[in-house]
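Numbering of residues begins at 1 and proceeds along the displayed sequence. Everything numeric here is computed off the predicted structure, so don't read it as measured data.
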Amino acid sequence: QVQLVESGGGLVQAGTSLRLSCVASGRTVSGYAMGWFRQAPGKEREFVSGITWSGDSRYYADSVKGRFTVSRDNAKNTVYLQLDSLKPEDTAVYYCATREGVYGSSRYMYPYWGQGTQVTVSS
């Protein structure tokens, strides 16, 4: 079993930055791909970014490409999501998720989820 805990969310103004962290525990996540998703009120949970176990490949939704950066530190069992140039439409609860094996952008591929961290961007 894998437990994930996100942190780093908050209330910020448009144009500023945040860095989200996701720490995994319970077992090693060696060989696990990681994904970031978000869910705004009244909307479906959507893919934001993903990274392979090695970190060699990174993926982004079109809506965040060029503004968000995903990275990971496997020695710390931690994945990060740097959010730059934030917009009000980025307001959502952000979740990290993990799965053994290959990366995927569908939330249904991920069996392990964190509890989420709220990001609110004011205009």
Subject >> Worked check of side chain to side chain contact (heavy atoms under 4.5 Å, CB included) between Met34 and Leu4 >> reply: CA-CA 11 Å; Met34 302 293 292; Leu4 302 174; 4.2 Å; yes

**OP:** Assess whether side chain to side chain contact (heavy atoms under 4.5 Å, CB included) is satisfied between Thr91 and Gln118, documenting all intermediate values.
**Re:** CA-CA 8 Å; Thr91 295; Gln118 177 71 47; 4.0 Å; yes

**OP:** Determine, stepwise, if the pair Trp36 / Phe68 fulfils side chain to side chain contact (heavy atoms under 4.5 Å, CB included).
**Re:** CA-CA 11 Å; Trp36 283 98; Phe68 291 7; over 6 Å; no

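Within the 3.5 Å criterion, the main-chain N or O of Arg67 finds no donor-acceptor partner in the side chain of Ser85. Between the side chain of Ser49 and the main chain of Tyr59, a donor-acceptor pair closer than 3.5 Å is present. Checking side-chain atoms of Gln115 against main-chain N and O of Val5 turns up no donor-acceptor pair under 3.5 Å.
The hydrophobic cluster containing Val119 also contains Tyr60, counting ILVMFWY residues as joined when their side-chain heavy atoms lie under 4.5 angstrom apart, directly or transitively. Phe47 is not connected to Leu86 by any chain of hydrophobic side-chain contacts under 4.5 Å among Ile, Leu, Val, Met, Phe, Trp and Tyr, and they are in different clusters. Cluster membership for Tyr80 and Leu83, using ILVMFWY side-chain heavy atoms within less than 4.5 angstrom, is not shared.
Considering CD of Glu46 and OG of Ser105, their distance stands at 11.5 Å, rounded to 0.5 Å. Asn77 CG to Gln3 CD: the interatomic distance, rounded to the nearest 0.5 Å, is 11.5 Å. Rounded to the nearest 0.5 Å, atoms OG (Ser106) and CZ (Arg99) are 9.5 Å apart.
Ala92 and Arg38 make their closest contact through CB-CB, 3.8 Å (heavy atoms, listed as atom of the first residue, atom of the second, distance). The nearest pair of heavy atoms linking Val121 to Gln13 is CG1-C, 4.0 Å. For Leu18 against Gly8, the heavy-atom pair with the smallest separation is CD2-O, 3.6 Å. Between Arg72 and Ile51, the shortest heavy-atom distance links the atoms NH1-O, 3.7 Å. Minimum heavy-atom separation, Ser17 to Gln82: CB-NE2, 3.8 Å. Among all heavy-atom pairs drawn from Gly9 and Leu20, the shortest one is N-CD2, 3.6 Å.
If you look at Tyr110 and Phe37, their ring centroids are closer than 6.0 Å.
The side-chain hydrogen bond (donor to acceptor under 3.5 Å, both in side chains) with Gln39 is formed by just one residue from the set Glu44, Arg45, Arg107; it is Arg45. Evaluated for a side-chain contact (heavy atoms from CB on, under 4.5 Å) with Lys76, the options Asn74, Val79, Thr78 yield exactly one hit, Thr78.
Of the charged side-chain nitrogens involved, none lies within less than 4.0 Å of a carboxylate oxygen, so that Asp90 and Lys87 do not count as a salt-bridged pair.
The aromatic rings of Trp113 and Tyr95 sit perpendicular, their planes meeting at an angle over 60°, well past the 30° parallel limit.
Counting non-hydrogen atoms of neighbouring residues, nucleotides and ligands closer than 6.0 angstrom, the NZ atom of Lys43 reaches no more than 12 such neighbours.
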